[in-house]
Amino acid sequence: MERRKFIKNTILGAAGIGLTTGLYSWQIEPFWLEFVHVKMPIKNLPKNLIGKTVMHISDIHVGNRFNYQYIIESFEKAKLLNPDFVVYTGDFVSYENEEQFEQLKKVMKFAVKGTLGTAGVLGNHDYGGDWLEQNVADTITTILENAGISILINEQKEMNGLNIMGIDDYWGMNFNPKKRMSAYDDSKANIVLCHNPDVCDLDVWNNYKGWILSGHTHGGQVKPPFLKPPILPVKNKRYSAGEIDLNDGRTLYINRALGNLYQVRFNVRPEITVFTISKS
């Protein structure tokens, strides 16, 4: 009898733990935003920019897969930090149909913008089905530009002394990093935006030294304790999340995503990164 009771209690305990973990992963962690603060030394930084902040937002995934009111609330929290620069690294929508255009317009009325500049790049989901719909990317770009975000498609834009270079999405239709990096000027204070961190392994960087800000991975969204994420949408499985020294003068930072591709997270909280910039 004691053995039966022990087995029964063990099964009930395991079921209770499983249910609690499932509810946490579904209803709590996907909306438990973390502001991650990181120091960012930049070569050639003008003195007037020392101590300024660059806020990095990625993968908001506006659509029908989770309640995007959470994104609006997160934007309102982020505004309280009064960032100097704000950069977005793609996947503004989880595109299914034209409904996402109206949803994105609603959300971007609350967009976080920097006092000194705001820029972004597109992600693969911003190119519609199979990442092949140019009209989807064009419409999303227009919505974002109207919201005050300069979308850089293999372009650069100097904003009050900080030169922001944007590489279009690796899986998208306009991917052309050589076009952007061939014009790299190492005398400027540069940062690079690219949605997919796999771009870091391509021979396109023209001896660039500096920071590369990416998203795309969501940190795997689910990460067992002490183990690597089982699912990462990149070739280089080293590219999961956080700061990575590429050992050649480049530093990669992968944001864990503010939104959710699907409403489940475990041990990978959603993130907005706040960099404090200094002279390298």
Side-chain angles (χ1 to χ4, degrees), residues 26-27 29-31 33 55-79 86-113 118-155 166-175 193-197 213-221 231 233-234 254-265 268 270-272:
W26 174 43
Q27 291 293 335
E29 190 166 309
F31 309 107
L33 172 63
M55 179 175 284
H56 178 195
I57 299 172
S58 195
D59 300 84
I60 63 175
H61 282 285
V62 175
N64 297 316
R65 295 179 181 178
F66 65 95
N67 185 353
Y68 56 78
Q69 180 63 32
Y70 149 74
I71 299 296
I72 294 173
E73 293 169 359
S74 298
F75 281 174
E76 294 298 280
K77 292 176 183 177
K79 288 176 185 178
V86 176
V87 296
Y88 294 81
T89 51
D91 278 3
F92 292 90
V93 300
S94 287
Y95 187 78
E96 296 174 308
N97 53 54
E98 292 185 358
E99 181 184 10
Q100 276 67 65
F101 299 150
E102 295 306 313
Q103 293 171 334
L104 185 62
K105 288 177 186 178
K106 178 180 177 181
V107 170
M108 298 315 289
K109 289 179 182 178
F110 302 88
V112 191
K113 288 176 274 189
T118 308
V121 292
L122 299 181
N124 52 296
H125 284 272
D126 302 319
Y127 276 92
D130 295 323
W131 335 132
L132 291 173
E133 297 184 68
Q134 185 64 55
N135 62 309
V136 172
D138 291 343
T139 302
I140 289 172
T141 297
T142 298
I143 293 169
L144 298 171
E145 293 273 0
N146 289 341
I149 302 167
S150 296
I151 296 300
L152 306 175
I153 300 176
N154 305 310
E155 298 169 301
I167 295 175
D168 205 65
D169 183 62
Y170 189 20
W171 295 351
M173 301 172 66
N174 300 306
F175 180 62
L193 312 180
C194 67
H195 177 68
N196 188 328
L213 306 186
S214 294
H216 186 62
T217 69
H218 297 222
Q221 279 202 197
I231 299 175
V234 284
I254 305 171
N255 182 290
R256 297 192 305 259
L258 176 58
N260 306 291
L261 190 55
Y262 295 98
Q263 190 180 311
V264 58
R265 281 184 183 262
V268 188
E271 169 183 0
I272 290 177

[X] side chain to [Y] backbone, donor-acceptor under 3.5 Å:
X    : Y    : answer
E133 : G129 : yes
Q100 : V62  : no
D126 : A137 : no
Q134 : M173 : no
T118 : I149 : no
H216 : P233 : yes
D168 : I153 : no
S58  : T89  : yes

Between [atom1] of [X] and [atom2] of [Y], what distance do you get to the nearest 0.5 Å?
X    : Y    : atom1 : atom2 : answer
F175 : N124 : CZ    : CG    : 12.5 Å
H195 : T217 : NE2   : OG1   : 9.0 Å
E96  : N64  : CD    : CG    : 5.0 Å
L152 : C194 : CG    : SG    : 12.5 Å

Quick one: are [X] and [Y] in side-chain contact, heavy atoms under 4.5 Å?
X    : Y    : value
H218 : V268 : no
N255 : L213 : no
L144 : L122 : yes

Report task. Check salt bridge (Lys or Arg N to Asp or Glu O under 4.0 Å) between E102 and all other residues, then give those that pass, not counting sequence neighbours. Result ->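 Applying salt bridge (Lys or Arg N to Asp or Glu O under 4.0 Å) to E102 gives K105.
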Query raised in the report: What do the steps show when you test V112 against K79 for side-chain contact (heavy atoms from CB on, under 4.5 Å), and what is the final call?
Result: CA-CA 6 Å; V112 191; K79 288 176 185 178; 4.3 Å; yes
**Report entry** Steps toward side-chain contact (heavy atoms from CB on, under 4.5 Å) verdict (R65, N260)
**Finding:** CA-CA 8 Å; R65 295 179 181 178; N260 306 291; over 6 Å; no
Minimal non-hydrogen separation, [X] against [Y], with atom names:
X   : Y    : result
V93 : H61  : O-ND1, 3.7 Å
P30 : P270 : O-CG, 3.6 Å
D59 : G215 : OD1-CA, 3.6 Å

Query raised in the report: Just checking, is any N or O donor in the side chain of H125 or S94 under 3.5 Å from an acceptor N or O on the other one?
Result: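 Side-chain D/A pair, H125 to S94: absent.
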Query raised in the report: Passes salt bridge (Lys or Arg N to Asp or Glu O under 4.0 Å), E271 versus R256? Steps please.
Result: CA-CA 6 Å; E271 169 183 0; R256 297 192 305 259; 3.8 Å; yes
Report task. Might you work through the side-chain contact (heavy atoms from CB on, under 4.5 Å) test for L258 and I71, ending with a clear yes or no? Result -> CA-CA 7 Å; L258 176 58; I71 299 296; 3.8 Å; yes
Query raised in the report: Out of F101, W131, Y127, which residue meets the ring-ring contact (aromatic ring centres under 6.0 Å, His included) rule with Y95?
Result: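 Only match with Y95 under ring-ring contact (aromatic ring centres under 6.0 Å, His included): F101.
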**Report entry** Exceeds 12 heavy-atom contacts within 6.0 angstrom, atom CD of E76
**Finding:**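 Counting neighbours around CD of E76, more than 12 heavy atoms of other residues, nucleotides or ligands fall under 6.0 Å, so yes.
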Query raised in the report: For N146, does the CG atom have more than 12 heavy-atom neighbours from other residues, nucleotides or ligands under 6.0 Å away?
Result: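 Yes, enclosed.
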Report task. Just do the ring-ring contact (aromatic ring centres under 6.0 Å, His included) check on Y70 and F31 with the steps written out, would you? Result -> CA-CA 7 Å; Y70 149 74; F31 309 107; 5.2 Å; yes
Report task. Applying side chain to side chain donor-acceptor pair (under 3.5 Å), run through Q263 and N67 and close with a yes or a no. Result -> CA-CA 9 Å; Q263 190 180 311; N67 185 353; over 6 Å; no
Query raised in the report: Which is it for V87 and I57 under the side-chain contact (heavy atoms from CB on, under 4.5 Å) test, yes or no, and what are the steps along the way?
Result: CA-CA 6 Å; V87 296; I57 299 172; over 6 Å; no
